Amino acid sequence: MDSDNILVTGGCGFIGSNFIRRLLAGADFHGRIVNVDSLTYAGNPENLHGIAEAYPGRYLFEKADICDPSALQAIFAQYRIDTVCHFAAESHVDRSIKRPDSFIRTNIMGTFNLLEASRTAGGFRLFHHISTDEVYGSLGSEGYFTEETPYRPNSPYSASKASSDHLVRAYHETYGLPTTISNCSNNYGPYQFPEKLIPLIVLNALEEKPLPVYGDGRNVRDWLYVADHCEAIRTIMEKGRRGETYNIGGHAEMENIAIVEMICDLVDELAPAAGSRRRLITYVADRPGHDRRYAIDFSKLHGELGWSPAESFASGLRKTVRWYLENRAWSDRIRSGAYQSWIREQYGEQPDCSSEE
Ligand code: NAD
Ligand code: TYD
């Protein structure tokens with residue numbers, strides 16, 4: 001990749017940490033990564049344990065808030081940032097329904113601050129913005145989201161991401177900032193915070209706790225293994241046309257209840273218990289404004305840049321369940337809250353929104 005100093009925001013989160021590991025391990029990137037993360041409840045430096053030592057001088061961490069323009073200016077100048085790969089966000093729909101304010105602040109104002117820092121940086125090459133298919137709203141039983149689908153976000157989360165997409169687009173049109181945007185479907189895989197459906201169900205099934213399914217369990221998401229998402233981002237950053245948007249998906253549409261049942265069966269197989277985990281499935285009140293179906297048409301990315309997912313849903317889910325089984329200490333530290341005391345000791349206080357429900 002044609003970049004010397006990449007600023008990755010939100011690199012201590014789920015997708016950002018997978019991306020950093022993968023980029024440093026690959027043969028086609030020789031520069032350095034500066035990871036800027038404010039370490040909210042979702043940011044865990046343990047997700048990148050050993051990386052600074054494995055790649056001396058090529059991985060640097062700065063605990064900073066993207067809502068702090070002067071901190072960003074200083075980091076851009078100090079590291080001569082020429083590329084931004086922007087993951088940092090508040091990312092959980094349920095939290096956005098209870099407390100939308102931090103979503104507006106980080107996802108909109110934080111993106112604006114990064115765009116401003118990039119616009120005024122010398123020798124700037126690319127701003128890649130990571131977004132979601134949720135900006136398009138909800139589908140009925142037919143059809144797919146394309147890059148031409150009008151934006152109709154339904155949650156405070158998706159509305160804040162839609163707003164950030166518009167800002168990125170506007171900075172390209174108005175100031176000629178070299179940008180690319182990707183809108184991806186639901187991810188799953190190692191290091192996902194256990195508030196999201198798949199890790200939550202895996203861990204509850206292991207601990208034989210109730211498995212909450214919202215509404216009738218028939219809502220559909222299109223699932224993509226996180227390594228495939230990271231590879232798509234790398235491909236777009238390297239070869240994508242500047243000013244363009246690319247949809248990323250897995251061709252893996254699944255109803256929530258089918259996923260929960262698959263996880264129960266995998267956990268039964270890999271960590272047998274007295275009875276089937278399916279007995280733990282518990283239907284609970286639906287999420288307000290719950291989008292019914294997401295499905296992605298990624299033919300633009302496939303046709304122009306040649307990307308397609310390597311993992312099927314069955315193979316990716318098996319890998320994921322195994323990872324959570326083999327990394328119980330990681331999830332135990334999160335579920336007990338111990339990771340937050342450790343972060344406070346190492347890095348000082350976490351931001352306001354650190355432990356809010
Ligand atoms: P995550 O919640 O796991 O991680 C977010 C990271 O951003 C954390 O490390 C957090 O500490 C950091 N962060 C939050 N606010 C910050 C701030 N103000 N300043 C600096 N750092 C801050 O999220 P994720 O699931 O890895 O998602 C990453 C990106 O991908 C987000 O932009 C999200 O909208 C997008 N996305 C996610 C999915 C998915 O299924 N998870 C799908 C499509 C797109
Ligand atoms: P989630 O992982 O929160 O991702 P998103 O809302 O961004 O799609 O939820 C995925 C789907 O699973 C969504 O339809 C809501 C549903 N869901 C449950 O049924 N139970 C749960 O406990 C959670 C967290 C989600």
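We count ligands from 1, going down the list as the structure has it; atoms in each ligand are counted the same way. In this text, all values refer to a predicted model and were calculated from it rather than measured experimentally. Every heavy atom of this structure was used, including side-chain atoms; hydrogens, water molecules and symmetry mates were not.
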Heavy-atom contacts under 4.0 Å between [X] and ligand 1: side chain, backbone, both, or neither?
X      : answer
Tyr41  : neither
Leu39  : backbone
Ser185 : backbone
Lys161 : side chain

Any nitrogen or oxygen of [X], side chain or backbone, less than 3.5 Å from one on ligand 2?
X      : result
Asn219 : no
Tyr214 : yes
Pro212 : yes

[X] and [Y] ion-paired at < 4.0 Å:
X      : Y      : value
Lys161 : Glu134 : no
Arg234 : Asp28  : yes
Glu147 : Lys300 : no
Asp2   : Arg125 : yes
Arg292 : Asp216 : yes
Arg95  : Glu195 : yes
Asp291 : Arg221 : no

[atom1] ([X]) with more than 12 external heavy atoms under 6.0 Å:
X      : atom1 : result
Gln346 : CD    : yes
Arg242 : CZ    : yes
His290 : NE2   : yes

What's the shortest distance from [atom] to any protein heavy atom, and which residue and atom give it?
atom                    : answer
atom 3 (O) of ligand 2  : Arg287 NH2, 3.1 Å
atom 25 (O) of ligand 1 : Phe14 CD2, 3.7 Å
atom 21 (N) of ligand 1 : Ser38 N, 3.1 Å
atom 34 (O) of ligand 1 : Tyr157 OH, 2.7 Å
atom 4 (O) of ligand 2  : Asn186 ND2, 3.3 Å
atom 24 (C) of ligand 2 : Glu195 O, 3.3 Å

Could you check if a side-chain atom of Arg335 sits within less than 4.5 angstrom of a side-chain atom of Leu203, using non-hydrogen atoms only? yes
Is there at least one pair of N or O atoms, one from [X] and one from ligand 1, spaced under 3.5 Å apart?
X      : result
Ala88  : no
Cys67  : no
Val36  : no
Thr40  : yes
Asp37  : yes
His229 : no
Thr106 : yes
Asn44  : no
Asn187 : yes
Cys184 : no

Tyr191 and ring-ring contact (aromatic ring centres under 6.0 Å, His included): which single residue from Phe14, Phe19, Trp323 fits? Trp323
Atoms in ligand 2 flagged as close to [X], the criterion being non-hydrogen separation under 4.0 Å:
X      : answer
His92  : 3 (O)
Asn256 : 11 (C), 12 (O), 13 (C), 14 (O), 16 (C)
Val213 : 19 (O)

Part of [X] with heavy atoms under 4.0 Å of ligand 2, whether side chain, backbone, both or neither:
X      : value
Val284 : neither
Leu200 : side chain
Arg221 : side chain
Leu197 : both

Answer yes or no on whether Arg119 is positioned over the face of Tyr175, meaning its NZ or CZ is under 6.0 Å from the six-membered ring centre and within 45° of the axis. yes
From [X] [atom1] over to [Y] [atom2], what is the distance, rounded to the nearest 0.5 angstrom?
X      : Y      : atom1 : atom2 : answer
Asn35  : Cys12  : CG    : SG    : 4.5 Å
Glu90  : Thr40  : CD    : OG1   : 5.0 Å
Tyr246 : Ser131 : OH    : OG    : 16.0 Å

Checking heavy-atom distances from atom 38 (C) of ligand 1 to each of Ile15, Thr132, Ile233, the winner is Ile15
Relative to atom 13 (C) of ligand 2, which among Glu134, His290, Arg293 owns the nearest non-hydrogen atom? His290
Can you say whether the rings of His302 and Phe298 are parallel (under 30°), tilted (30 to 60°) or perpendicular (over 60°)? perpendicular
Parallel, tilted or perpendicular: ring planes of Phe127 versus His86, cut at 30 and 60 degrees: perpendicular
